[in-house]
Amino acid sequence: MSTPPVPAASDGEVYVELADTTAAFPAIIDDQRWNGYAVPRFRRIVADAIVAWLNTMHDHDPANWADTATFDGDVLTVLETEEQWPVQVVPDEHGRYGIGAAGWCWELTAPPTDERADAALLADTGRLAAEDDEILVTINIDGTDPAFPALTSAEHDWSRAGSPRFRRPVAEVVVAWIADTARKYPEGTDRVYWEGDTIVLLDHQAIGEDGYLPARITADEDGRYAIGATFEWERAD
């Protein structure tokens with residue numbers, strides 16, 4: 001199935017997807033959840049991408065995907081369910097569309113990452129050579145997970161109360177590893193992506209909580225990234 005490219009997130013936006021799908025769309029979300037699901041509002045250009053995606057899904061599998069959508073000027077009409085009841089969505093005062101707001105099962109997610117690029121980073125063992133004062137840390141999920149060189153937390157030294165701090169080349173591998181783990185274990189796994197020089201990390205246990213937004217991890221003054229304060233990091237050396 002081919003659909004138009006989805007615009008990248010702008011300031012204040014996060015990514016959402018409908019439950020049991022993999023198409024991620026940037027949106028702002030309300031603080032309060034609806035039955036544990038996000039209540040998103042989309043820019044017009046993103047709404048156009050959602051319309052194209054909905055219609056493509058319907059054309060591909062109409063028996064299991066009944067919803068279709070069309071724009072007439074600024075008014076979006078969504079035909080929901082097999083009965084094809086029309087639901088009209090008009091832009092709010094900020095020009096955003098609450099498509100499926102408080103009605104569809106929107107979940108916080110991460111945009112798709114490049115699986116080949118992640119594999120190349122994970123294969124680059126030269127990035128994982130420890131430098132002076134660094135220790136090796138790991139989260140040993142299946143016995144094959146890599147060990148990453150890091151400095152201990154400036155606040156907590158070495159304990160599970162703090163985050164190891166990684167150089168940028170190592171942080172890129174850590175992010176690739178988290179993304180690869182999410183592909184292997186899509187249920188109950190944290191999601192992560194880069195947004196410029198910022199790491200955006202989603203806690204899968206918190207995405208349904210009112211007011212939750214993904215953690216945005218920027219580099220410390222020394223250029224290191226403190227990733228995974230809630231992870232079960234273990235010393236590997």
Side-chain angles (χ1 to χ4, degrees), residues 9 14-24 107-209 212-220 222-237:
V14 294
Y15 287 89
V16 296
E17 66 184 7
L18 286 173
D20 301 320
T21 69
T22 58
E107 299 175 332
L108 286 177
T109 190
T113 56
D114 188 328
E115 187 171 354
R116 289 186 178 181
D118 288 345
L121 284 168
L122 291 167
D124 188 357
T125 57
R127 289 175 177 249
L128 302 185
E131 295 185 352
D132 290 345
D133 299 325
E134 291 183 331
I135 62 171
L136 295 177
V137 298
T138 187
I139 301 175
N140 202 6
I141 297 175
D142 60 11
T144 64
D145 298 296
F148 305 102
L151 292 181
T152 55
S153 167
E155 180 179 356
H156 298 281
D157 190 51
W158 173 249
S159 78
R160 290 187 176 178
S163 304
R165 301 193 313 116
F166 305 97
R167 288 174 280 119
R168 174 65 184 255
V170 180
E172 291 174 355
V173 184
V174 175
V175 168
W177 173 75
I178 297 172
D180 184 63
T181 302
R183 280 189 287 268
K184 292 177 181 176
Y185 310 103
E187 298 296 327
T189 305
D190 291 347
R191 304 295 179 88
V192 68
Y193 57 98
W194 287 96
E195 198 169 88
D197 292 326
T198 299
I199 298 170
V200 184
L201 180 63
L202 287 78
D203 181 346
H204 74 278
Q205 294 181 321
I207 61 173
E209 297 177 0
Y212 172 77
L213 289 172
R216 299 179 64 83
I217 304 168
T218 57
D220 294 338
D222 61 359
R224 291 178 178 264
Y225 291 82
I227 303 173
T230 61
F231 292 2
E232 294 186 1
W233 291 109
E234 301 176 357
R235 288 193 68 148
D237 57 350

Should E134 and R224 be marked as a salt bridge (charged side-chain N to carboxylate O under 4.0 Å, His left out) after you check the CA-CA gap, both sets of side-chain angles, and the distance that decides it? CA-CA 12 Å; E134 291 183 331; R224 291 178 178 264; 2.9 Å; yes
From I199, L202, D203, residue fulfilling side chain to side chain contact (heavy atoms under 4.5 Å, CB included) relative to P214: L202
CG of D145 to CD1 of I139: how many Å apart, nearest 0.5 Å? 8.0 Å
Atom OG1 in T152, atom CZ in R235: separation rounded to 0.5 Å? 8.0 Å
Check whether more than 12 heavy atoms from other residues, nucleotides or ligands sit under 6.0 Å from atom CG of D222, and answer yes or no. yes
So OG1 of T21 and CD of E107: to nearest 0.5 Å the spacing works out to 8.0 Å
Using the rule given for side chain to side chain contact (heavy atoms under 4.5 Å, CB included), can you reason through F231 versus L201, listing the C-alpha separation, both sets of side-chain angles and the distance that settles it, and then say yes or no? CA-CA 12 Å; F231 292 2; L201 180 63; 3.9 Å; yes
Identify the two heavy atoms, one from Y15 and one from A9, that lie closest to each other, and give their separation to 0.1 Å. OH-N, 2.9 Å
Aromatic centroids of F166 and W233 separated by under 6.0 Å: yes
Determine whether a donor-acceptor pair (N or O, by modelled atom type, separation under 3.5 Å) exists between the side chain of R127 and the backbone of P169. yes
Minimum heavy-atom separation for A226 to I217, with atom names? O-CG2, 3.5 Å
Check: K184 and T189 side chains under 4.5 Å, non-hydrogen atoms: no
So which heavy atom on E209 is nearest to which on Q205, and how close? OE2-O, 3.8 Å
Please round to the nearest 0.5 Å and tell me the distance separating atom CG of D114 and atom CZ of R116. 8.0 Å
Of all heavy-atom pairs between Y225 and A219, which one has the smallest distance, and what is that distance? CE2-N, 3.5 Å
In Å and rounded to the nearest 0.5 Å, what is the CG to CG distance from L108 to L213? 7.5 Å
Between L128 and A147, the two heavy atoms sitting closest are CD1-O, 3.8 Å
Return the set of residues passing ring-ring contact (aromatic ring centres under 6.0 Å, His included) with Y212 (not counting sequence neighbours), or none when no residue passes. none
Which pair of non-hydrogen atoms, one from T22 and one from E17, has the smallest distance, and what is that distance? CA-OE1, 3.6 Å
Between P146 and W177, is there a side-chain heavy-atom distance shorter than 4.5 Å? yes
Reported CZ-to-OG1 distance for the pair R191 and T181, which is rounded to 0.5 angstrom: 11.0 Å
I need the single residue from V170, V137, V173 that forms a side chain to side chain contact (heavy atoms under 4.5 Å, CB included) with P149. Which is it? V170
Indicate yes or no for a side-chain donor-acceptor contact from T198 to the backbone of T218 under 3.5 Å, with no hydrogens or angles considered. no
